[in-house]
Student: 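One structure coming up, written as structure tokens, with questions to follow.
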Amino acid sequence: MAASLGGMFSGQPPGPPQPPPGLPGQASLLHAAPGAPRTTNTTLVDELESSFEACFASLVSQDYVNGTDQEEIRTGVDQCVQKFLDIARQTECFFLQKRLQLSVQKPEQVIKEDVSELRNELQRKDALVQKHLTKLRHWQQVLEDVNMQHKKPADMPQASLAFLEQASASIPAPMKQT
């Protein structure tokens with residue numbers, strides 16, 4: 001499979017077009033498909049990159065900024081975006097086909113990946129549960145503290161209440177103004 005991906009990503013020299021290991025007669029979506037205007041060394045990734053650049057260029061182009069015909073601008077941008085989406089679908093299809101080939105040729109690899117994904121999901125969910133438990137403990141402590149503050153006046157021993165009554169009796173009452 002690595003041989004069929006040669007030259008797909010930038011920085012790798014493109015190798016000669018080789019048929020992918022797969023079904024006999026199956027055309028590679030990485031290289032030129034019948035009826036598609038591609039150069040000999042152009043890959044889907046190259047086309048995807050150039051179509052994205054064309055979309056971006058059409059959005060910031062001075063021709064479109066200075067243009068007066070909004071319909072022409074809209075049509076040009078729509079065409080660029082549609083081309084990008086078409087090539088993105090082709091690229092996705094290529095990778096889905098490679099994934100299918102891998103699942104047929106090495107089903108244990110797919111199972112290993114699924115198990116790994118499930119383990120990662122369990123770890124993420126365990127971390128989330130721990131986060132919620134920490135928040136729950138915090139708020140339980142806050143509620144206990146609030147409850148303790150409300151219970152203190154009622155739970156005070158009678159001796160301390162008597163002391164407070166005596167202390168308040170010795171304070172002279174405010175004089176009423178007449």
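Any value given below was found using the heavy atoms of this structure, including those in side chains, with hydrogens, waters and symmetry copies removed.
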Student: CZ/Phe94 to OG1/Thr43 distance, rounded to the nearest 0.5 angstrom?
Tutor: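 So the gap between those two atoms works out to 9.0 Å.
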Student: Check this for me: does any side-chain nitrogen of one of Glu121 and Lys125 sit under 4.0 Å from a carboxylate oxygen of the other?
Tutor: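 Salt bridge: yes.
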Student: Would you mind checking if Arg99 and Glu113 are paired as a salt bridge, meaning a charged N to carboxylate O distance below 4.0 Å?
Tutor: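 Judged by the 4.0 Å cut-off on N to carboxylate O distance, Glu113 and Arg99 do form a salt bridge.
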Student: Please report the interatomic distance NZ(Lys83) to CD(Gln79), rounded to the nearest 0.5 Å.
Tutor: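 Answer for the NZ-CD pair, Lys83 versus Gln79, is 10.5 Å.
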Student: Drop me the distance from His132's NE2 to Leu136's CG, to the nearest 0.5 angstrom.
Tutor: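 Going from NE2 on His132 over to CG on Leu136, the span is 10.5 Å.
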Student: Nearest 0.5 Å please: distance from the CD atom of Gln82 over to the CD1 atom of Ile87.
Tutor: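 So the gap between those two atoms works out to 10.5 Å.
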Student: Can Asp145 and Gln141 be counted as having a side-chain donor-acceptor contact under 3.5 angstrom?
Tutor: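 Distance-only check passes for Asp145 and Gln141.
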Student: Would you say the side-chain atoms of Ser116 pair up with the backbone N or O of Lys112, donor to acceptor, closer than 3.5 Å?
Tutor: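 Checked: no pair found.
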Student: Within the structure provided, determine whether Arg89 and Leu85 are in side-chain contact (heavy-atom separation under 4.5 Å).
Tutor: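 Of all side-chain heavy-atom pairs linking Leu85 with Arg89, at least one is under 4.5 Å.
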Student: Write down the atom of Ser58, the atom of Val77, and the distance for their closest heavy-atom approach.
Tutor: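 In this case the closest contact between Ser58 and Val77 is OG-CG2, 4.0 Å.
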Student: Give a yes or no on whether Leu44 and Phe95 share a hydrophobic cluster (residues Ile, Leu, Val, Met, Phe, Trp, Tyr; joining criterion: side-chain heavy atoms under 4.5 Å apart).
Tutor: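 Same cluster: Leu44 reaches Phe95 through Ile, Leu, Val, Met, Phe, Trp or Tyr contacts under 4.5 Å.
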Student: For the atom pair OG1 (Thr134) and CD (Gln130), what is the distance rounded to the nearest 0.5 Å?
Tutor: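 Spacing of OG1 (Thr134) from CD (Gln130) equals 6.5 Å.
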Student: Decide whether Leu96 and Val45 are clustered together by the hydrophobic rule: side chain heavy atoms of Ile, Leu, Val, Met, Phe, Trp, Tyr closer than 4.5 Å, transitively.
Tutor: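 No.
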Student: In Å and rounded to the nearest 0.5 Å, what is the CD to CZ distance from Glu49 to Phe84?
Tutor: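 Answer rounded to 0.5 Å: 10.5 Å.
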